Amino acid sequence: MARAHHHDGHPDLRAAVSSTAEVHAHMPGHLVALTELTDLFHAIGSLPADQLDITVLRYLCATAPEAISRIVGLSEAITHAIDHHARATLEHLLPDVPKE
């Protein structure tokens with residue numbers, strides 16, 4: 001994340017929204033999806049470093065959970081716990097996002 005632009009001391013991931021498959025799957029003019037994704041990427045960028053790394057790897061890069069633990073050098077149990085905390089933080093930051 002060192003090369004990402006920073007906003008308020010956190011990486012600014014909002015520019016990456018335009019590169020997502022979700023945006024490309026929608027016809028131009030679907031600003032609601034774009035706005036929601038921008039808010040989500042901003043919230044992800046504000047996570048603590050360990051939660052940010054695991055969230056980006058798991059949900060943005062689609063890395064398998066067992067591979068993430070090897071990449072970050074933590075046990076699968078710790079990686080799972082950090083992922084759980086990251087999702088809880090995102091739910092707190094984005095209360096209007098529907099749960100799956």
Side-chain angles (χ1 to χ4, degrees):
M1 297 296 158
R3 294 187 316 190
H5 293 348
H6 284 68
H7 178 74
D8 295 333
H10 297 281
D12 188 358
L13 302 178
R14 294 175 293 180
V17 169
S18 61
S19 300
T20 64
E22 182 74 21
V23 170
H24 291 287
H26 284 75
M27 295 174 57
H30 280 73
L31 295 178
V32 173
L34 186 61
T35 302
E36 289 175 353
L37 283 173
T38 301
D39 292 345
L40 174 62
F41 276 53
H42 179 70
I44 290 171
S46 69
L47 290 171
D50 58 347
Q51 294 178 19
L52 173 68
D53 291 344
I54 289 170
T55 301
V56 167
L57 287 169
R58 176 133 189 225
Y59 301 102
L60 303 183
C61 298
T63 306
E66 56 276 358
I68 294 171
S69 65
R70 290 191 304 271
I71 292 168
V72 298
L74 299 171
S75 71
E76 286 187 46
I78 296 296
T79 302
H80 176 78
I82 293 170
D83 176 49
H84 177 77
H85 288 286
R87 286 183 284 125
T89 301
L90 291 173
E91 287 176 5
H92 175 72
L93 292 172
L94 304 165
D96 297 331
V97 175
K99 312 261 187 300
E100 290 183 51

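Small disclaimer: the values here were computed from a predicted structure and weren't measured.
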* Asked: What distance separates L94 CG from D39 CG, expressed to the nearest 0.5 Å?
  -> 6.5 Å
* Minimum side-chain heavy-atom gap E76-P65 below 4.5 Å -> no
* Structure fact -> Nearest heavy-atom contact between L93 and S46 is CD1-OG, 3.6 Å
* To do: State the NE2-CG distance between H85 and L90, to the nearest 0.5 angstrom.
  => 13.0 Å
* Provide the closest heavy-atom pair for Q51 versus A86 in the form atom of the first, atom of the second, distance. => OE1-CA, 3.4 Å
* To do: Taking the side chain as every heavy atom from C-beta outward, state whether I44 and L52 have any atom pair closer than 4.5 Å.
  => yes
* Structure fact -> Joining Ile, Leu, Val, Met, Phe, Trp and Tyr whenever any side-chain heavy atoms lie under 4.5 Å apart, the cluster holding L74 also takes in I54, L57, I68, I71, V72, I78, I82
* Asked: Nearest 0.5 Å, what's the CG-CG distance between D50 and D83?
  -> 11.0 Å
